[in-house]
Amino acid sequence: MSGTPLDKIRNIGITAHIDAGKTTTTERILYYTGVSHKIGEVHDGNTTTDYMDQERERGITITSAAVTCEWKNHRINIIDTPGHIDFNIEVNRSLRVLDGAVFIIEGVAGVQPQSETNWRLADRYNVPRVIFINKLDRTGADFYRAFATLKEKLDIVALPLQLPIGIEDQFVGVIDLVEMKAIVWEGGELGAKFHDEAIPADLLEKAKEHRQILLDTALAVDDAGMEEYFDKGDVSVETLKRAIKTGTISGAFRPVLCGTAFKNKGVQPLLDAVLDYLPSPVDVPGIKVAAEEGEEEGDHQRRIKADPKAPFAGLAFKIINDKYGTLTFVRVYAGTLKSGDSVLNTTKGHKERIGRMFQMHADKRAEIKEVIAGDIAAFVGLKDTGTGDTLAAAEDPVILERMAFPVPVIDIS
Ligand code: GDP
């Protein structure tokens, strides 16, 4: 999918306390996006297993710095965000290059210490977030209790977009409060079908109550929806979705979804939420250019918007060595870069030539000939570019704000 319009790109991270289900959720996302992209519908249970086996053989690229997948005509780049406290600097770095994040918390324990740390880091970079309460199939899972920990521990306005239907081994699906319908999975294996149905009668009152909160909260941040609301006593799905997106991006509230990644329930609606509510590169303010000498850093610094026609500007955020050589992962903020082009490393002050360019998919690396503003690619051939270096067009370079990271606190006692 080269040539994906900018508004159809999502650069996201998935973050969680260790064991909350980041790996499982990422695997499922790659599975569902891979299946929908390559195979279409899965009719045969074996297709599923084969696909996963193949991935294992090739070494699942979810450990890669950034993996690209497609969902409903959008490209989602998933940037790896290390979950462990030791990688604090790496978490910082990845939070700089993504535009939105999925925060996974556990349905039994709720918000755990590492989720709190990562949450604060994401706050620092104003990363828009949706929250996924996972493991609702587990014994002891309680959506409402886990939900309450969001307010208690993170002090946020958490806004459910879904409610669970059943819990523990009776968890079958979710109520979608935006469209006021139930989404129910049959079976819990990969590729299991799901369908829409009416909201169960015993949950209807609760659903209406939460729908009202959703309307009041979301429309309050998007006045345009209010008019429609007063006219009809309700709003269209598009209006409500737009209002939720506005509030999600501004951080006015944090939408909450739920499910069980392991039992394959809830991941497809989560992917829909990534498209609906997390920003594209054109929805975000853009990266700051470096402060002039003697100038103090702050909000007054000029920002550059994602524009493929502007001079190239990018940031090397991760370097990995694998059997093919050194891969430099770059977030492109402005311009268009073609393989063979030369760029100026503005951190080191010298020119470098871009060799081949790739995007990493679950099961393959796809060579691309050009990469545009807003997207992410891995470059081969950069000899002297380090993590955190900024790159620019050789002529008239725009120098981006350097990636300065807080020094981690190392306890040597
Ligand atoms: P990570 O450390 O956040 O990447 O967590 P993993 O995805 O590796 O999951 C940790 C453990 O929890 C694994 O044994 C998973 O199989 C299990 N797990 C993940 N998601 C779920 C879920 O939805 N339900 C249940 N019961 N187990 C899950």
Side-chain angles (χ1 to χ4, degrees), residues 12-34 48-49 52-53 55-56 59-67 69 78-88 90-91 94-95 98 101-119 121-122 129-147 149-150 153 162-174 183-192 194 256-271 273 362:
I12 65 158
I14 301 177
T15 158
H17 183 93
I18 207 133
D19 259 6
K22 184 177 100 167
T23 311
T24 310
T25 307
T26 311
E27 259 182 10
R28 297 303 189 259
I29 286 177
L30 294 181
Y31 171 76
Y32 290 117
T33 55
T48 312
T49 345
M52 291 309 272
D53 282 350
E55 273 191 22
R56 268 189 205 104
I60 299 175
T61 29
I62 58 172
T63 51
S64 178
V67 57
C69 56
I78 304 175
I79 295 130
D80 185 45
T81 51
H84 196 268
I85 189 80
D86 289 351
F87 301 121
N88 211 324
E90 288 211 26
V91 178
S94 55
L95 288 175
L98 47 81
V102 172
F103 250 76
I104 300 177
I105 70 162
E106 246 241 22
V108 182
V111 173
Q112 293 162 289
Q114 188 59 45
S115 347
E116 273 185 83
T117 312
N118 285 352
W119 189 270
L121 287 174
R129 280 150 267 179
V130 297
I131 296 163
F132 185 68
I133 302 185
N134 188 32
K135 299 198 183 185
L136 289 188
D137 61 306
R138 272 191 59 193
T139 309
D142 182 337
F143 171 83
Y144 296 94
R145 196 184 54 222
F147 182 85
T149 66
L150 291 166
K153 303 249 172 80
Q162 298 176 340
L163 299 177
I165 304 173
I167 198 74
E168 300 178 340
D169 57 357
Q170 303 295 312
F171 175 73
V172 292
V174 296
I183 305 172
V184 174
W185 280 261
E186 286 149 36
E189 68 279 13
L190 271 170
F194 62 98
V256 181
L257 297 98
C258 62
T260 157
F262 187 71
K263 298 278 169 65
N264 307 301
K265 294 173 185 151
V267 177
Q268 297 100 329
L270 177 62
L271 279 164

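Remember, it's a predicted structure, so these values are computed and weren't measured experimentally. Just follow the structure's listing: the first ligand is 1, and inside any ligand the first atom is 1.
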Practice problem: For residues G21 and I104, report the shortest heavy-atom separation together with the two atoms involved. | Solution: O-CD1, 3.9 Å

Quiz prompt | Counterpart residues, side-chain contact (heavy atoms from CB on, under 4.5 Å), relative to L163 (two or more places apart) | solution = F143, Y144, P160, I175, L177, K206, H210

Quiz item: Mind checking what residues have non-hydrogen atoms under 4.0 angstrom from ligand 1?
Solution: H17, I18, D19, A20, G21, K22, T23, T24, N134, K135, D137, R138, T260, A261, F262

Quiz prompt | Salt-bridge present (D169, K263; N to O < 4.0 Å) | solution = no

Self-check item: L150 vs I105 side-chain heavy atoms within contact, under 4.5 Å
Solution: yes

Practice problem: Would you indicate whether the side-chain heavy atoms of N264 and W185 approach each other to under 4.5 Å? | Solution: no

Quiz prompt | Closest heavy-atom pair and its distance - P164, L136 | solution = CB-CD1, 3.9 Å

